[in-house]
Amino acid sequence: MILDGIWEFAWCKDNASVPCFDTFAAVPGCFDTPGMFYPEQGTAYYRRKVTAGGSLRLKIASFGLHAQVFWDGEKIAESFLAWSPLTAEFSTSDGVHELIIKVDNFIAGHPLFREDYDFYNFGGIYDHVTLENISADSIRKLAVFTLDHETGEIELQIESAAEKLDISFDGKFFRSVDNTPSLRLKVPDFKLWSIDTPDLHTVTVNEKTVTFGIRTINWDSDVLKINGKVVKLIGVNRHESHPEFGAATPEALIASDLCQIKKAGFNFVRGSHYPQREFFFEMCDRLGLLVWEEPLSWGNCESDLQDPVFMDTLEAQLRDCIANSINHPSLIIHGFLNECASDTDAGYAAVKRLTDVCHQLDPGRPATFATNRPLTDKCFELVDIIAMNIYPAWYSGEYPCDIPGELEKYTADLPEKPLVISEIGAAAIYGDHSGTPWSEEYQSEYVNTVLESVAADPRFSGVILWLFCNANTYIDPVRARFRPRGFNNKGLLDEYRRPKLAWKNLKIGREF
Ligand code: ADA
């Protein structure tokens, strides 16, 4: 049962006041968008009646920043893992019940979010709220791993108390087996998933069906391969953000963003800087767009990396990301810790810990983090891909600057691993045609020079432009100098998806 819709709504400036339900709000929806309480921090209460009974699983697919769930007045779940699903399993009598979701967007005291993060973290319920009946025999986990793209051999990992497992592929019965946690088999009549032919399969085990794709990723030299073929990533970073909807972007908007990205010739999207929604992955699977997902973090200094609460919460979210996204063939890179203190011992320990988690839970995908200190980084030996955020001719270097020359600085003396520019870009204010930095012309020329330079340089396995479209930031006197209008203006489109010259004149080379 999907519980989306218009719920009763109450807003409090603090966490403790008694809520007064004097209006209504949409679920999914953010409460700190301009039509609501932007840019205040506070607590929102969403309330509705639900007719249900038995053993239930309630799921809030994505929220921010801190959520608590009350069923008939009793707290049944709480989570600080913003952007990840929150689930509660519980039993209740048949009848009509009261459901309240309490969400706040306080930054102080949050285990993962920090005031200096360079994006506005909206408050609210970002994605569907669902309720389903569960039984003791329900399939609790069904994960598919491609073992061999030539034969279509896969491994199924299953968690269930059911005695027998009935397996079907693409709706056709395949085999019944005794309960087992792991099973290797060959998918009948399999088709490979790739960027150009994103063919998908379904597997059903008892009552549960998941969609998956058969493809392998290989990174044992200095190139990346998908299904044995070298691939050069050309992509954009994307924030889940829109001035009217906040992070609760409608699925129609996500679909249109991703279709435009694919149509423009890109093959890759980095979900910066938090877990991505299920719908986002479903679209990328169908479109043949490759994805980098990462848990919530940004620019973390040594003290964060040494803080057990921060690190434990981050690891918990990384584990969740991997478990939730494991079946999506579009997901090809597990990331974490964007621009952390990776030139320190604390950085080394943190990157090692999270890389080990990725390798343990998912040996079939490479793990990495985006560094902003490529010349002094200590962690390249730990990760599978070297990924660097660099901003020549924006934060460094003379204007207009020799971009190919700048790129060369970063390629010397690196271990033999695929090398990707995980962020590069320049800001442009929509409508500024002065030709100087901050103009559409400057950004357009910059972006095409970057694309051409990376295409021409075999040392790079890809480039991920910063940023698909403008995204909200917090507004304060210091930020105002770098984030005019309260936006990160490096979008190739503006925040309403109006294309700037850079998008209209994109030149994506054939090599990609
Ligand atoms: C960093 C960071 C991005 C954004 C970008 C910028 O590289 O990873 O989130 O802040 O800089 O626009 O300066």
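If you read the sequence from its start, that first residue is 1, and numbering goes on from there. Counting starts at 1 for both ligands and their atoms, following the listed order. Note that this is a predicted model, so its numbers are computed, not measured.
Within 4.0 Å of ligand 1, counting heavy atoms only, the contacting residues are Asp118, His273, Trp298, Asn338, Glu339, Asn389, Tyr391, Tyr395, Glu423, Trp466, Arg483, Asn488, Lys490.
More than 12 heavy-atom neighbours from other residues, nucleotides or ligands sit within 6.0 angstrom of CD on Gln41. Within a 6.0 Å sphere centred on CG of Asp14, other residues, nucleotides and ligands contribute more than 12 heavy atoms.
A cation-pi geometry, defined here as NZ or CZ lying under 6.0 Å from the six-membered ring centre and within 45° of its normal, holds between Arg498 and Tyr430.
For the side-chain hydrogen bond (donor to acceptor under 3.5 Å, both in side chains) criterion with Lys500, the lone passing option out of Asp432, Asn470, Asp494 is Asn470.
Aromatic pair Tyr474/Tyr117: centroids not less than 6.0 angstrom apart.
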Steps toward salt bridge (Lys or Arg N to Asp or Glu O under 4.0 Å) verdict (Arg114, Asp304): CA-CA 10 Å; Arg114 300 283 180 262; Asp304 279 342; 3.0 Å; yes
